[in-house]
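To keep things clear, I will list the structure first and then write my remarks on it.
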Amino acid sequence: SSQYNYILVARPEPNVALITLNRPKALNALSSPLFAELNQAFIEADADDTVGALVLTGSEKAFAAGADIKEMQDKEYSDVFKNRFLEDWTQLSKTRKPIIAAVSGYALGGGCELALMCDIILASPTAKFGQPEINLGVIPGGGGSQRLAHIIGKSRTMEMVLTGRNVSAQEAEKWGMVSRVVGEGEGQVVKEAIEMAKTIASKGQVAVQAGKEVVNAAYELNLAEGLRFERRIFHGLFATKDQKEGMSAFAEKRKPEFTNS
Ligand code: CAA
């Protein structure tokens with residue numbers, strides 16, 4: 001919508017919000033003003049009852065080429081410390097609704113980290129993932145070292161963070177960074193992400209958001225705590241109408257009509 005300068009917000013399906021990074025001249029470099037808009041758009045979509053799932057994408061050439069290097073180059077330690085630089089990026093992971101990243105082209109540095117903050121990543125064959133911060137005399141600052149270590153393990157994370165080498169879509173798929181590489185063709189990855197978001201949005205939304213919460217808990221809790229948390233949330237869903245509807249519909253051999261309650 002028109003209140004944003006660096007992103008586009010659209011509704012490709014009645015219950016799917018599509019957020020497109022739109023700073024093409026800078027390959028969607030994630031400046032502070034851009035990220036502020038991104039946070040705002042996610043807060044709005046999360047609060048909108050008609051939205052069930054979100055898709056985040058960039059352009060064919062770049063999902064995002066990282067944090068804005070020109071914005072950062074003159075900053076001092078005291079600036080980034082006092083202003084809590086990049087701390088506002090954590091807002092995005094508070095989104096309750098599932099976020100699917102549709103990645104084409106460069107997803108580097110903060111761009112790779114932004115994709116990793118999403119819940120599901122679909123990659124086009126052109127996608128290139130990397131943490132090139134080492135070439136700038138720094139290290140990842142948006143969660144890359146931690147999220148990658150959880151997902152692809154120590155050796156591969158060390159290689160990415162310490163050499164700065166880009167990883168192809170195929171390699172990212174083999175390493176488990178992305179769900180899958182979709183077929184070729186412009187816009188194909190966004191199309192498939194929207195289809196997936198539509199599927200998710202057709203389910204009972206209390207269960208969907210509970211599902212996201214428990215999967216994410218696996219990255220923070222130990223196994224015993226995680227299993228207990230999952231079971232508690234599972235028990236809690238028996239208080240919803242959607243559980244009664246979903247199980248009755250199965251027994252009556254009909255399609256469920258979820259009311260998100
Ligand atoms: N910040 C600011 N501007 C950027 C940018 C970035 N991260 N990435 C690209 N741009 C700008 C370029 O400066 C250039 O601007 P001008 O036209 O004004 O010169 C424009 O986008 C187009 O870029 P290129 O001419 O470089 O395009 P290319 O096709 O030759 O190369 C690229 C593409 C390999 C992605 C190259 O742009 C590149 O290496 N970008 C930087 C990647 C990077 O180091 N990212 C990590 C940033 S640090 C970080 O993200 C910290 C963190 O953990 C949060």
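Every number for a ligand or one of its atoms is a count from 1 in the order of the listing. Values below: every heavy atom of this structure, side chains too, minus hydrogens, waters and symmetry copies.
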- Any donor-acceptor N or O pair under 3.5 Å, side chains Glu213, Gln209: no

- Message: Parallel, tilted or perpendicular, judged at 30° and 60°: which one describes the rings of Phe81 and Tyr77?
- Response: parallel

- Task: May I ask you to say whether Glu171 pairs ionically with Arg165, meaning some side-chain N is under 4.0 Å from a carboxylate O?
- Result: yes

- Task: State the CZ-CG distance between Phe63 and Leu56, to the nearest 0.5 angstrom.
- Result: 4.0 Å

- Query: If you group Ile, Leu, Val, Met, Phe, Trp and Tyr by side-chain heavy-atom gaps below 4.5 Å, do Val178 and Leu116 land in one group?
  - Reply: yes

- Query: Considering only heavy atoms, which protein residues lie less than 4.0 Å from any atom of ligand 1?
  - Reply: Lys25, Ala26, Leu27, Ala29, Lys61, Ala65, Gly66, Ala67, Asp68, Ile69, Lys70, Met72, Leu86, Trp89, Tyr106, Leu108, Gly109, Gly110, Glu113, Pro132, Glu133, Leu136, Pro140, Gly141, Gly142

- Task: Decide whether Glu71 and Ser32 meet the rule of one side-chain donor and one side-chain acceptor closer than 3.5 Å.
- Result: yes

